[in-house]
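Just so it is clear, the structure is predicted and the values come from calculations on it, not from any experiment.
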Amino acid sequence: MASAQHLKKRGERWYLRLAIPRKLRHLYPTESGKPSYHIEEALGTPDLNVANRLKHERIAHWVRDFHEKERAATGTLTPDAAEAQRLREHFRKANDASERETIADHVASIATDMHESGAPERAQQFHALATATETLRDSWGKWKREWRITKAGEYKYEQAFRELLEFLGVADTTPKHITPARARAYVAYLNTDAKSAKGEGSLSKATKEGRLSPLRTFWTEYLIPSELAEVNPWKDHKLTEGGNAVEKRPYTNDEIIALINGPERRETKDVRYTKRTILELYALAFYTGARREEIACRLLGDFERIKGGYVMHIREAKTNAGKRSIPILHPIPVAVIGRRIGKRKDAKAQLFEEFKRGGANKTLGDLVGKMMTFYRRASGVGAGADFHSTRRHLITQLVAQGHSRELVQFYVGHKVPGMTGIYAKPTDEGMRKIAKSISYPATIERGLRGKLDLA
């Protein structure tokens with residue numbers, strides 16, 4: 001029997017039905033303006049054998065079209081940019097000063113003609129690209145090779161660059177063209193006008209951060225050290241939640257129990273973090289309110305033994321408020337830390353020695369965060385709760401117990417008005433009082449002890 005792959009029958013006639021690559025769907029809008037998921041094209045025959053012969057030519061046509069669209073979407077150079085690139089290469093390979101001067105005069109002449117024809121912005125871009133030491137895409141190509149970025153990371157960066165260049169309306173540009181003012185305009189676009197891949201609703205805050213994070217890292221790690229940029233224009237922007245955003249919230253007690261009773265994970269070649277690892281992370285988070293990265297990157301030397309427990313020292317953080325020393329006195333996290341340290345003596349060893357660095361920023365918390373997300377969803381915990389919800393839960397609990405909000409904020413590493421981070425610590429007595437008061441319902445603590453094999 002003849003195959004019906006890529007075919008769909010409507011009435012008596014056969015149609016070609018070909019899936020559109022996800023990243024190109026928005027380039028094939030329906031009549032209502034929404035992205036298409038499939039190409040559907042009438043083949044004009046009721047005969048399956050004839051339809052199979054016809055479909056191959058049409059599939060080849062559409063695959064070529066997909067490739068052309070993809071090349072255009074990923075920064076195929078415009079005629080101006082292509083000419084600028086050609087002249088820049090000639091200038092770079094010029095044998096003497098006279099030849100370089102001739103090329104420079106030619107570039108200036110073209111830019112002048114553009115300017116006089118009423119296109120000053122186009123002229124400025126052409127001149128900048130033709131005379132640049134490195135363009136944005138030149139720099140990205142070099143950095144990609146130096147960092148040996150994974151395929152997933154490469155796609156993330158390519159997407160970020162492509163969308164920025166599309167917003168600017170250029171095929172390529174120089175790093176110095178991305179001024180703080182242009183960066184602010186792009187962020188404003190993400191916050192107000194940018195649409196999701198399906199064209200349905202505005203972007204979520206996490207998606208917007210996914211657009212900016214690669215740019216921020218690229219400027220910090222490559223462009224500024226190589227002096228191709230003077231400042232990082234992607235820092236300190238306020239991102240808003242999208243129209244379909246789910247409000248973040250603390251965990252409920254039922255959700256904590258669901259996490260404790262979540263699916264087992266045996267360690268294999270591909271699954272490094274077992275269920276015990278996950279619950280140990282949760283145990284430290286629920287009893288300290290520490291952030292994911294703050295726990296993930298702790299070294300043995302960051303723990304100081306005290307009567308009844310430990311002090312966890314967080315010496316490096318994004319803000320001064322994050323640098324703090326947290327007393328840990330509840331038996332569950334104390335037992336987890338003690339078991340993790342065991343007889344190891346190397347102060348520079350990781351507490352969670354199985355954690356590996358990953359993601360664009362090469363942090364310990366990045367891969368851990370992905371693993372925790374998979375586990376949380378598999379446990380049936382609803383939208384709005386994430387790893388940060390451990391902090392929200394603890395803060396809500398401590399304030400409800402009557403602790404001063406300022407002391408609670410200091411304990412979890414929030415900025416406290418009137419305090420300057422590590423230079424204005426509350427009394428040890430106040431911090432220990434908070435540590436002693438942290439507890440959860442008996443069903444939760446009994447479940448944690450059981451799943452963690454704690455006495």
Side-chain angles (χ1 to χ4, degrees), residues 205-206 209 236-241 245-256 259 281-298 302-304 306 308-334 337 365 369 372 381-442 444-445 448:
K205 189 173 182 180
E209 178 58 30
D236 304 321
H237 292 288
K238 185 175 182 180
L239 298 174
T240 59
E241 289 288 359
V246 177
E247 184 178 357
K248 299 299 183 181
R249 55 178 177 76
Y251 285 113
T252 66
N253 288 337
D254 286 343
E255 286 174 334
I256 297 176
L259 292 172
L281 269 167
Y282 272 123
L284 294 185
F286 274 118
Y287 288 94
T288 66
R291 300 174 177 87
R292 184 183 69 212
E293 187 71 21
E294 290 174 343
I295 299 174
C297 68
R298 291 281 62 79
D302 294 328
F303 292 89
E304 176 187 348
I306 60 173
Y310 292 90
V311 171
M312 182 169 74
H313 298 289
I314 300 176
R315 299 183 173 94
E316 295 181 2
K318 291 183 178 180
T319 65
N320 270 341
K323 300 173 185 177
R324 61 200 189 280
S325 297
I326 306 172
I328 303 173
L329 301 174
H330 191 283
I332 291 178
V334 168
I337 295 168
M372 300 296 275
V381 175
D386 53 18
F387 190 82
H388 211 72
S389 293
T390 57
R391 289 167 62 78
R392 301 183 189 102
H393 190 101
L394 182 61
I395 291 169
T396 301
Q397 178 192 141
L398 293 175
V399 172
Q401 289 176 357
H403 293 289
S404 74
R405 186 170 292 275
E406 290 77 12
L407 194 60
V408 172
Q409 288 176 319
F410 195 93
Y411 189 86
V412 299
H414 283 168
K415 185 176 181 180
V416 183
M419 292 185 180
T420 54
I422 56 176
Y423 302 107
K425 293 183 179 179
T427 63
D428 289 340
E429 181 181 353
M431 296 289 275
R432 288 177 66 89
K433 185 178 179 180
I434 282 186
K436 287 180 179 179
S437 71
I438 300 173
S439 65
Y440 290 83
I444 291 176
E445 297 201 342
L448 261 180

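- Take Glu304 and apply the salt bridge (Lys or Arg N to Asp or Glu O under 4.0 Å) test, not counting sequence neighbours, and it matches no residue.
- Using a 4.0 Å cut-off between a side-chain N of Lys or Arg and a carboxylate O of Asp or Glu, Asp428 and Arg432 do not qualify as a salt bridge.
- Residues Ile256 and Leu448 have side chains not in contact (no heavy-atom distance under 4.5 Å, counting atoms from C-beta outward).
- Looking at heavy atoms from C-beta onward, Leu398 lies out of side-chain contact with Leu407 at the 4.5 angstrom threshold.
- Side chain of Ser389 to main chain of Arg392: no donor-acceptor pair is present (N/O by atom type, distance under 3.5 Å, no hydrogens or angles).
- Remark: Glu293 does not engage Arg298 in a salt bridge, criterion side-chain N to carboxylate O under 4.0 Å.
- Between Val311 and Ile328 there is no side-chain heavy-atom pair separated by less than 4.5 Å.
- Using a 4.5 Å cut-off on side-chain heavy atoms (C-beta onward), Pro327 and Tyr411 make contact.
- A side-chain donor-acceptor contact under 3.5 Å links His403 and Ser437.
- Interatomic distance, Arg391 CZ to Glu294 CD, rounded to the nearest 0.5 Å: 6.0 Å.
- Residues satisfying the salt bridge (Lys or Arg N to Asp or Glu O under 4.0 Å) test with Glu445, not counting sequence neighbours, are none.
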Chi angles and distances behind the side-chain contact (heavy atoms from CB on, under 4.5 Å) call for Phe410, Met431: CA-CA 9 Å; Phe410 195 93; Met431 296 289 275; 4.1 Å; yes
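- Relative ring orientation between Tyr440 and Tyr287 is described as perpendicular, the plane-to-plane angle rising above 60° on a 0-90° scale split at 30° and 60°.
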